[in-house]
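FYI, the numbering just counts along the sequence from 1.
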Amino acid sequence: MRKDISNILMTAACAVLLGCAGIGPGEGTSVVNKELMPVKQDGIWGFADQKGSVVIEPAFSSVTPFVDGLAAVCVSGDGDETGWALIDMDGNYVVRPSYSDLTAPSEGIVWAMDGDVVTALDTDGKKLFELPQADMVWAYSDGLARFTCPDSVGNRVYGFVDKKGKVAIESIFEDAGDFADGVAEVKKDGERYYIDKEGNNAFGDQTFKAFSGFRGGRATVFIDNSSSVSGVIDRDGKLLFTQPGVLVDGGDGYIYYTKEGTGWVDNKGEVVIKPQFEAMRPFYDNDLAPFKLGDRSGFVDRSGQIRLNPQWDDASCFVDNNFAYVAIGDKWGMIDRNGKYSVNPKWEDVSMAYVNGCNGQSYVGSVMSDFYFVDCAAVIIRNFIKDGRIDGWDLSWTAEDIAKHIGMSRYMYGRYGREHMLKRMKIGTSQESVNALIYLRGEFFKNQTDKAFAPLDYVEGVKPDNVMIQFWQDDYRADWYNNLFIKLETMLGLEHHADGQGQYGIGKLAGHPLLLSEFVSPNVGRKGVQIEFGKGISFPSGLTATESSDAVDDGAGDDYVEDTTYEGTVGDSPIVMELGFGGNGTMSGRYRYKSEQGWITLSGTNDDGVIDLTETVDGKTTGSFSLALNDFSLMGTWTDSGKTKLLKVELHSAE
C-alpha cells in the first residue's frame, strides 16, 4: 500500500521543524563521539563499543549519546542520588545526579532543569546563567539556542537566546527550527520562511515556503506555497532545482516522497532511485541505505539495486560503511555490509540520535520545564471551551443533539443520581493532548432501570441543567494539576477563593455561573482540574457566582462595564484607550497617543478575556491589537496592517 502524500508531508515537516532532520553543523560544532553507543538491556541503558562489547554497564533509565566526550544520564531508583547527571567516557561523574532534566553539551554549554528554572552550565557543571521565562530549550546550533515560552494569552511561542543568556531574537514565532549557515526556518502568522540572526526575513519576497533547515549551504522548500512540488535552494535563496513530491535532506542527496512511493534524488536534482519503497532512510556518506517494503526492511545501493533483501522489522542507516542496527521483533542487533551479524539481536533499544550524529547531523537535545505541560494543556482546554461553547455545543442544545454531536452513549448505570450522560475523550494533538471526561446532568430519559448500562429513551427537547468536565493528563509531573488550575483561573479571568477543602475559581461563562476546582480520584490515581457551569451548581462555602466581580465575566453577559479607560504604552509611546465591553463578546472603542489629540477608532471581539481589536483611520485598517485581559490590565501586542512591525502593549485601568 502506497503512503498518502499528505501524511508523509505532515510527518516530515514536524521532524524537520523540530530539528530532527536537515540541520547541519554550525559554529562551535559539537561532535557525537562514535566510540561508545547507547544500548538498552533489561530495561536500563548502558554503553557499548562498535563491536558490541559493553563498556559502561547498564545503570540508567535514560541517556543521550556522548557529545564532546560527555553524556547526560538519568539515575533513578531508591539510592541517595537520583536525577540527571553528566558522565565522561570512563563512566565517571562530571556532574553528579541532581537535575530533573539535562542535555549533553552543545557548543560547550549544557542545559539543565534546576527546579522549575532552565539553567545553562559549562561542561564542568558550573552555572553560567538562567533563562527563567523559558519552558523548553534546545541545544545550541550556530551560536543560538531556540526556546519556547507562553505569550500573553498562553500560546507557546519560539525565540532564540545567545551563549551569554541574552535573548537575541524575541519569542514571537509559532514554530521554529535551529540555526545553520546563519539562518533558521520559522513560522509566523501561518507562513513559513527563513530569518537571519537579527530576526529579519533572510530572503525578502520569497516565492517558496520554508521546509527544512540548511545543511551544507542548501535547504529544501515548497514551491509557491504548495506541498505538491519541492525544491532545493542555496544560501542566497536561489532555487537550484524542483521535483513534484516531497524532498527531505539525506546528506549527499534527498529522500524523495511521492504518491507512488519513496525513492532517492541526488544533489543535482536527478531521480536516481525511482519512488518504489514504502519508506527510506538516508544514505549519508554510505554505500547502502535502509528501505521498507510492506513491514520488512532491507538495504539498497545508490543505483537502486537491492543488496540486502527485506528481512528485518526495522533498520538504521550505516555508520562509516561499517555497521548498521537491525531489529527482529523487539530486539536489536548489528550487521556488517554483507548482512552478517556482528551482534545478534539482544538489545531492547538503540539510539538513532547516535547514528545520525555519526553521520554528521548536529546533536539536538532539549530540556523541558514542568510548566511546558501546563501551558500546552491550558491552551488546549481554553480552545475546547470557547465562546461559551464546549467543542461547538452549548447548554441551549438538547441532550439528544449533544449526544449525537460528540458520540455520547444513551446509557445509564442503574437509577442513581442525575449524571445521566458522560463521555470520555482526548482533546488536542497526538503529541500534546488532554483527557476530558464530560458529565451532563439532567432528567433526560423516559425510563429508569436498575440494570447496569441499560439503553434508555430520550425525553424530547430536554436540555442539560449543567455540565462538569474533568481534565487530566496521563503523564503529568509534580503539581501539574495545581499549576494548571492557576493558569486556567488567570486565562478565564476567575475570582480566587480557598477554604480548608481546596481552592476555587468563580466567575461566569456565557452568562452561566462557573466553578473551577481541583479533583483527585484515589482509586485510579487520577489528578486534575474540573470546570462546572450552568444552573444548580453547588458552590463551596456558600459562595455564588454573583459574588465575583464584573471583571471576571467573559463579556457575553450584560453586566460588563460599558466604558473603561486604560492608560499605558504601545512600544515606548504612552497612550489612552477607551473600550466598551458589549454583549455577545463584541467590543468598540478608541485610543490616542498622549502626544497627539486625534483619536483612532477600534472594534473587535472579547473571547473569554482574549481581546482582538482592529483599528481604522479614514475607513482604512491601519493596525490591530491582540490583548489578554488580566484583572484590570491589558497585555499583548500591536501589529501594523502590513505586519512589518510588532510592538509590545501594556495597559492598566485608569478607573
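Few gaps surround CG on N200; more than 12 heavy atoms of other groups in view lie less than 6.0 Å from it. Around CD of E170, the count of heavy atoms belonging to other residues, nucleotides or ligands within 6.0 Å does not exceed 12.
Between M491 and A378 the shortest heavy-atom distance is SD-CB, 3.6 Å. Taking both residues in full, the closest heavy atoms of V157 and S171 are given as CG2-O, 3.4 Å, listed atom of the first, atom of the second, then distance. Between A202 and V183 the shortest heavy-atom distance is CB-CG1, 3.8 Å. Closest approach of D178 and E185 over heavy atoms only: O-OE1, 3.9 Å. Closest heavy-atom contact between V649 and W638: CG2-N, 3.5 Å. Nearest heavy atoms, F203 versus G237: CE2-N, 3.3 Å.
Two residues are said to be in side-chain contact when any heavy atoms from C-beta on lie closer than 4.5 Å; I469 and L437 fail this criterion. A 4.5 Å side-chain heavy-atom check between L602 and M577 finds at least one atom pair inside the cut-off. Residues M468 and L440 have side chains not in contact (no heavy-atom distance under 4.5 Å, counting atoms from C-beta outward). The shortest side-chain heavy-atom distance between L395 and H512 falls under the 4.5 Å cut-off. K166 places none of its side-chain heavy atoms less than 4.5 Å from the side chain of V161. You'll find the side chain of I402 stays beyond 4.5 Å of the side chain of V467, heavy atoms only. Using a 4.5 Å cut-off on side-chain heavy atoms (C-beta onward), L131 and T119 make no contact. Within the 4.5 Å cutoff, no side-chain heavy atoms of M136 are placed close to those of R146.
L627 contributes atom CG, which lies 6.0 Å from atom CG of L613 (distance to the nearest 0.5 angstrom). For the atom pair W472 CH2 and K527 NZ, the distance stands at 15.0 Å (nearest 0.5 Å). Expressed to the nearest 0.5 Å, how far NZ of K404 lies from OG1 of T398 amounts to 8.0 Å. I575 CD1 to R592 CZ: the interatomic distance, rounded to the nearest 0.5 Å, is 10.5 Å. From I537, atom CD1 reaches atom CZ of R441 across 8.0 Å, with rounding to the nearest 0.5 Å. Distance check: F384 CZ to D391 CG gives 4.5 Å after rounding to the nearest 0.5 Å.
If you check the side chains of Y504 and E495, you find no donor sitting under 3.5 Å from an acceptor. A donor-acceptor contact closer than 3.5 angstrom links the side chains of E615 and T622. Checking H496 against E489 by side-chain atom types alone, a donor-acceptor pair falls below 3.5 Å.
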side-chain contact (heavy atoms from CB on, under 4.5 Å) evaluation trace for N383 with I427:
CA-CA 10 Å; N383 288 334; I427 59 176; over 6 Å; no

Under the criterion side-chain contact (heavy atoms from CB on, under 4.5 Å), I'd like the reasoning laid out for V118 against M113: C-alpha separation, chi angles, the key distance, then a yes or no.
CA-CA 5 Å; V118 174; M113 187 57 61; 3.3 Å; yes

Before giving the answer on side-chain contact (heavy atoms from CB on, under 4.5 Å), spell out for I531 and L492 the whole-Å C-alpha distance, their side-chain angles and the decisive distance to 0.1 Å.
CA-CA 11 Å; I531 292 176; L492 295 173; 4.2 Å; yes

Starting from the C-alpha separation in whole Å, work towards a yes-or-no answer on side-chain contact (heavy atoms from CB on, under 4.5 Å) for F533 and L515.
CA-CA 6 Å; F533 67 95; L515 174 66; over 6 Å; no

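Side-chain N or O atoms of Q503 include none that pairs as donor or acceptor with a backbone N or O of H497 at under 3.5 Å. D394 places a side-chain N or O within donor-acceptor distance of the main-chain N or O of S396, the cut-off being under 3.5 Å. Side chain of N466 to main chain of K535: a donor-acceptor pair is present (N/O by atom type, distance under 3.5 Å, no hydrogens or angles). Using modelled atom types, one side-chain atom of T490 and one backbone atom of I486 make a donor-acceptor pair closer than 3.5 Å. K197 contributes a side-chain N or O that, together with a main-chain N or O of D142, makes up a donor-acceptor pair within less than 3.5 Å. Between the side chain of D114 and the backbone N or O of V117, no donor-acceptor pair lies under 3.5 Å. Looking at D401, its side chain never comes within 3.5 Å of a backbone N or O of W397 through a donor-acceptor pair. Looking at D101, its side chain does come within 3.5 Å of a backbone N or O of M368 through a donor-acceptor pair.
Remark: aromatic rings of Y591 and F625 are close, center separation under 6.0 Å. A centroid separation of 6.0 Å or more is found between the aromatic rings of F160 and F147. Here F179 and F214 keep their ring centres 6.0 angstrom or further from each other.
Ring planes of F129 and W111: perpendicular class, angle over 60° (limits at 30 and 60°).
Salt bridge absent: K188 and D175 never bring a charged side-chain N and a carboxylate O closer than 4.0 Å. K163 and E107 are joined by a salt bridge, as a carboxylate oxygen and a charged side-chain nitrogen come within less than 4.0 angstrom of each other.
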